[in-house]
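Atoms considered below: every heavy atom in the structure, side chains included; atoms not considered: hydrogens, waters and symmetry mates. Starting from 1, each residue takes its place in the sequence as its number. Since the model is a prediction, treat every value here as computed from it, not as a measurement.
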Amino acid sequence: MSVKLSYRNEDDKCYGATGMAVAVVVFDGEDMLSAVDLDAEADSILEFANDFYFTGNPGLSAKAAWNHILKNFNLEMAATIANVMCRNMVLDRTAVSAEIKDMLGKCVLDEGSSWCNLEEDETRRLFEKNYTYLYRVFNHRGVQEVVHDFANALKRRRRMTRLDVIEQLRALSML
């Protein structure tokens with residue numbers, strides 16, 4: 001059986017975008033977010049600030065630069081996992097299949113190696129930690145209500161700035 005992650009329709013895309021926005025907020029990465037654009041191409045729905053694409057700064061130590069890159073990799077990984085989880089768990093009310101989880105894990109392994117020079121076991125641990133955390137997030141009824149509200153607002157507005165996202169997802173901090 002072939003696994004496809006492409007969006008089935010606009011609702012599916014909207015909930016994928018919502019999942020990514022939730023991940024950015026719960027992983028404290030909203031300072032890296034510029035906007036969420038439902039009309040963008042699938043790989044450009046989240047618009048990140050220029051700092052996200054950090055390529056190095058001679059004024060920073062190698063350790064500080066690596067930590068910054070690792071944080072951004074972790075945020076990107078969380079957004080990818082959350083995209084799939086939100087679509088499955090909240091929109092479709094089904095579990096993420098083992099096949100899809102395995103495919104996500106394999107994609108992350110390649111990225112962990114190229115982005116951060118992480119060893120396979122380091123990337124797997126990070127993936128499992130994020131996956132488990134996000135599973136609990138999207139399994140929470142209160143989060144699901146916030147997700148539905150956000151998805152409806154995004155579908156209506158089509159584009160939300162960083163401040164719009166923070167305001168709309170403010171309820172997450174109360175859960």
So that I can tick it off, tell me whether [Y] and [X] are bridged by a salt bridge, with the cut-off set at under 4.0 angstrom between side-chain N and carboxylate O.
| X | Y | result |
| --- | --- | --- |
| R125 | D121 | yes |
| E10 | K13 | no |
| K101 | E128 | yes |
| R8 | D92 | yes |
| D31 | R162 | no |
| R124 | E120 | yes |

Nearest heavy-atom neighbours spanning D37 and D39: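 Scanning both residues, the minimum pair turns out to be OD1-N, 3.0 Å.
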Pairwise distance CG(L91) to CE(M85) - rounded to 0.5 angstrom: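 Rounded to the nearest 0.5 Å, the CG-CE separation comes to 15.0 Å.
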side-chain contact (heavy atoms from CB on, under 4.5 Å) evaluation trace for E111 with E76: CA-CA 10 Å; E111 294 295 318; E76 182 78 22; over 6 Å; no
Side-chain donor-acceptor pair present, R87, N83, cut-off under 3.5 Å: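 Looking only at side-chain atoms, N83 and R87 do form a donor-acceptor pair, the distance falling under 3.5 Å.
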Derivation of the side-chain contact (heavy atoms from CB on, under 4.5 Å) call for R159 and L38: CA-CA 6 Å; R159 178 179 170 79; L38 191 57; over 6 Å; no
Step-by-step side-chain contact (heavy atoms from CB on, under 4.5 Å) determination, C116 to W66: CA-CA 7 Å; C116 310; W66 186 82; 4.0 Å; yes
Full working for side-chain contact (heavy atoms from CB on, under 4.5 Å) between L169 and V146: CA-CA 7 Å; L169 294 177; V146 172; 3.7 Å; yes
Parallel, tilted or perpendicular: ring planes of F127 versus Y131, cut at 30 and 60 degrees: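 Answer is tilted, since the angle falls between 30° and 60°.
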